Chemist: 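Handing you a structure now.
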Number of protein chains: 2
Amino acid sequence: MTLMAASGRTPRPGVIWTRPERAGRGPRPAHSRAEIAAAAVRIADADGLDAVSMRRVAAEVGAGTMSLYNYVPRKEDLHELMVDEVSTEYDLETPLTGDWAADVLGLAEQARDLMRRHPWLPRMADSTAYGFTPNALRYLERFLTALDPLDLPPGTKLELLAAVTNTVAGYVTNELAMAERARTLPWSEAEEQAVRGAYLGEQLGTGKFPRLAQTLAGAGAGVESVDYEAAFRRSLKRVLDSFALEAGGGQTSAT
Amino acid sequence: MTLMAASGRTPRPGVIWTRPERAGRGPRPAHSRAEIAAAAVRIADADGLDAVSMRRVAAEVGAGTMSLYNYVPRKEDLHELMVDEVSTEYDLETPLTGDWAADVLGLAEQARDLMRRHPWLPRMADSTAYGFTPNALRYLERFLTALDPLDLPPGTKLELLAAVTNTVAGYVTNELAMAERARTLPWSEAEEQAVRGAYLGEQLGTGKFPRLAQTLAGAGAGVESVDYEAAFRRSLKRVLDSFALEAGGGQTSAT
DNA sequence: TCCTAGTTACGTACAGCGTACGGAGTGAGC
DNA sequence: GCTCACTCCGTACGCTGTACGTAACTAGGA
């Protein structure tokens with residue numbers, strides 16, 4: 001009896017990366033994954049992640065909408081292509097210094113800059129899978145290589161990696177939150193900021209949140225006056241120091 | 001000349017919380033914000049955030065779709081209602097112990113448990129606005145109150161708050177990533193895990209990622225074997241210790 | 001060399017989305 | 001009691017992801 005294998009249309013579990021880009025049989029594809037990924041990234045950079053629709057990406061590369069599905073079985077896979085695409089922007093060639101804290105800081109800054117260039121990236125990050133695209137793996141490998149001088153068990157090194165990643169994602173998200181929000185809103189970013197400021201002021205004025213009022217006031221109140229750059233470095237230094245302490249190496253250099 | 005004020009239909013900037021729930025004039029509304037928020041939360045808990053559509057929420061409370069817009073001007077505001085709704089679940093009554101690290105740990109665990117109960121919550125968190133709903137403010141106030149014994153400048157306390165929040169969100173996201181992903185996928189979570197495991201194994205097998213392979217192997221490889229609870233506590237302790245160090249108080253107690 | 005089977009390309013179609021608009025019914029303030 | 005803001009909601013528009021069917025094409029096996 002012939003085994004009734006799943007037909008070509010039936011969705012079979014699979015990762016985009018294990019599917020061959022070109023199947024040997026039919027006419028040669030008119031486009032490539034890289035081309036499609038680049039188009040999607042262009043759209044997301046310009047008009048936000050929500051503007052990345054199958055129709056729009058197809059139009060951007062000059063193909064019919066449904067033709068895209070020959071390259072990308074589901075939209076989520078397109079997102080994965082996008083993450084992988086921008087992951088090529090990492091500079092992983094410059095030699096490591098051997099000072100693990102400095103090297104990790106450099107990698108964290110690269111990740112931060114990547115997210116600043118592609119503000120939709122943090123939103124992808126909370127799907128675990130996206131950290132493991134082929135080019136993203138190169139970043140992880142580099143990160144762990146930078147940790148070579150550090151005497152910590154493997155599990156702890158992964159926790160360090162996670163801590164740094166969380167810190168970077170958290171700070172960039174905060175930094176870009178307003179600007180990214182404004183993209184969807186039917187009014188301007190300034191208006192939004194004014195209105196939210198008024199609301200918060202009103203809440204704090206009730207006296208029900210004395211510590212919060214006092215702390216925000218003491219920290220310099222206005223969200224726009226926060227020095228994200230400095231806060232980012234301080235936070236990262238704390239993270240690194242906490243692991244340095246655990247490895248018995250004392251604090252990391254001031255930098 | 002009469003000033004052409006914006007008509008009732010024109011979208012005016014505004015926060016849902018400053019808009020009065022009941023306007024004095026017309027017939028009394030058949031529903032309430034709380035009822036609508038609870039319905040939305042029920043749907044999100046059961047079928048995921050993407051299942052929360054205006055139509056579905058309206059149906060759930062027994063109203064016409066467009067009637068919802070009398071209570072919630074935009075869908076994003078519905079999301080804000082949801083965050084506020086679940087924020088009522090925080091226990092902020094139990095007295096603080098006075099041990100700031102223990103108190104903060106308790107609050108972090110509450111936040112973690114809340115996210116576990118409502119797995120869509122982390123996805124909201126990256127819109128800054130959502131941390132500042134009225135009931136969420138109570139959590140922030142409590143957090144800062146717990147930090148009273150800690151001698152740090154206001155800005156640093158806020159950084160501590162951010163660090164803890166990032167850590168909690170990061171860990172819960174990792175913990176729930178697979179399960180939440182599986183909701184959308186056209187195949188089972190087990191199949192997904194198998195397929196992704198195979199892909200990762202293949203990549204590691206190329207020898208291009210020696211540190212990564214070695215580290216993952218050394219950490220106990222299988223994602224399912226990770227003790228998230230322990231990792232969570234360790235990471236949080238590192239965060240707290242780093243701030244304790246900065247305050248000159250040495251490490252926090254072991255707990 | 002020809003045949004055939006698998007691929008590529010893509011038009012059409014469907015169910016679902018957020019929400020703009022307009023009309024009918026309601027009840028509080030003048 | 002008149003008026004007018006407000007509640008309710010049916011209809012409709014433009015958008016989404018993608019299932020399905022068909023036509024063109026080409027590489028592998030006979």
Side-chain angles (χ1 to χ4, degrees), chain A residues 2 5-12 16 19-33 35-36 40 43-44 47-81 183-187, chain B residues 2 5-12 16 19-33 35-36 40 43-44 47-81 183-187:
Chain A
T2 55
S7 103
R9 296 286 190 184
T10 302
R12 287 195 292 105
I16 181 81
R19 156 194 277 236
E21 174 151 13
R22 166 115 164 79
R25 211 44 169 277
R28 63 182 56 250
H31 310 282
S32 72
R33 265 180 208 169
E35 181 192 353
I36 290 166
I43 294 168
D47 296 335
L49 186 57
D50 294 335
V52 178
S53 68
M54 298 300 274
R55 276 171 241 265
R56 174 118 181 238
V57 172
E60 177 91 8
V61 301
T65 302
M66 293 313 291
S67 304
L68 256 197
Y69 284 91
N70 287 319
Y71 301 87
V72 169
R74 299 169 310 116
K75 199 197 178 184
E76 198 176 290
D77 291 314
L78 177 60
H79 287 164
E80 209 148 341
L81 286 189
R183 214 192 279 281
T184 321
L185 293 174
W187 52 77
Chain B
T2 55
S7 103
R9 295 289 190 185
T10 303
R12 289 195 292 105
I16 181 80
R19 156 193 279 236
E21 173 149 16
R22 167 113 165 80
R25 212 44 170 276
R28 62 181 56 249
H31 309 282
S32 72
R33 265 181 208 169
E35 180 191 353
I36 290 167
I43 294 168
D47 297 334
L49 187 58
D50 294 335
V52 178
S53 68
M54 297 301 273
R55 278 172 240 266
R56 175 119 180 238
V57 173
E60 176 91 7
V61 301
T65 302
M66 292 313 288
S67 304
L68 256 197
Y69 284 90
N70 287 315
Y71 301 86
V72 170
R74 299 168 312 116
K75 198 196 179 184
E76 198 177 290
D77 292 314
L78 177 60
H79 287 164
E80 210 149 341
L81 285 189
R183 213 192 277 283
T184 320
L185 293 174
W187 51 78

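Letters A, B, ... are given to chains in the order of the sequence lines, protein chains preceding strands, and every chain is numbered from 1. Note that the coordinates shown come from a computational prediction; the quantities given were computed from them, not determined experimentally.
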Chemist: Does any N or O in the side chain of A/Y71 come within less than 3.5 Å of the main-chain N or O of A/H31, such that one atom is a donor and the other an acceptor?
Modeler: yes
Chemist: Examine C/dA9: is either OP1 or OP2 under 4.0 Å from a nitrogen or oxygen in the side chain of A/Y71? Give yes or no.
Modeler: yes
Chemist: Tell me the interatomic distance from A/I36, atom CD1, to C/dA9, atom P, rounded to whole angstroms.
Modeler: 9 Å
Chemist: Counting the atoms with a prime plus P, OP1 and OP2 as sugar-phosphate, which does B/A30 contact under 4.0 Å by heavy atoms, base, sugar-phosphate, or nothing?
Modeler: sugar-phosphate
Chemist: A/N70 has an atom CG; how far is it from atom P of C/dG6, in whole Å?
Modeler: 16 Å
Chemist: Could you go over nucleotides 27-30 of chain C and give all protein N or O partners under 3.5 Å, atom names and distances?
Modeler:
from	atom 1	to	atom 2	distance (Å)
C/dA28	O4'	B/R25	O	3.4

Chemist: Sub-3.5 Å donor-acceptor pair from the side chain of B/E60 to the main-chain atoms of B/A40, do we have one?
Modeler: no
Chemist: Please give, in whole Å, the distance from C/dT19 P to B/K75 NZ?
Modeler: 8 Å
Chemist: Starting at atom CG of A/D50, determine the distance to atom C1' of D/dG14, rounded to an integer number of angstrom.
Modeler: 16 Å
Chemist: Quickly work out the A/R19 CZ to C/dT8 C1' distance and round it to whole Å.
Modeler: 12 Å
Chemist: Would you mind telling me which of D/dT18, D/dT7, C/dT19 lies closest to the side-chain atoms of A/M66?
Modeler: D/dT18
Chemist: Which residue in the set A/I36, A/V72, A/T65 passes side-chain contact (heavy atoms from CB on, under 4.5 Å) when paired with A/V57?
Modeler: A/I36
Chemist: As an exercise, state the distance from CE of A/M66 to CZ of A/R55, rounded to the nearest 0.5 Å.
Modeler: 9.0 Å
Chemist: What does B/A63 touch in the nucleic acid at a heavy-atom separation under 4.0 angstrom: a base, only the sugar-phosphate, or nothing?
Modeler: sugar-phosphate
Chemist: Tell me whether the side-chain N or O atoms of B/R55 pair up with the base of C/dG16 as donor and acceptor below 3.5 Å, since no angle test is needed here.
Modeler: no
Chemist: Ignoring backbone atoms, establish whether A/S67 has a side-chain N or O less than 4.0 Å from OP1 or OP2 of C/dA9.
Modeler: no
Chemist: In sequence, state the C-alpha distance, the side-chain angles, and the governing distance for A/D47 and A/R56, and then conclude on salt bridge (Lys or Arg N to Asp or Glu O under 4.0 Å).
Modeler: CA-CA 11 Å; A/D47 296 335; A/R56 174 118 181 238; 2.7 Å; yes
Chemist: For D/dC9, does either OP1 or OP2 sit under 4.0 Å from a side-chain N or O belonging to B/T65?
Modeler: no
Chemist: Could you tell me the separation between the NE2 atom of A/H31 and the P atom of C/dA9, rounded to a whole number of Å?
Modeler: 6 Å
Chemist: Take atom CE of B/M54 and atom P of D/dG10, then tell me their distance rounded to the nearest Å.
Modeler: 15 Å
Chemist: Could you check how far CD1 of B/I43 sits from P of C/dG16, rounded to whole Å?
Modeler: 15 Å
Chemist: Is a side-chain N or O of A/E80 found less than 3.5 angstrom from the main chain of A/I16, in a donor-acceptor match?
Modeler: no
Chemist: Step through the shown structure and confirm whether more than 12 heavy atoms of other residues, nucleotides or ligands are within 6.0 Å of CZ on A/R28.
Modeler: no
Chemist: Heavy atoms under 4.0 Å, any strand shown: does A/S53 hit a base, just sugar-phosphate, or nothing?
Modeler: sugar-phosphate
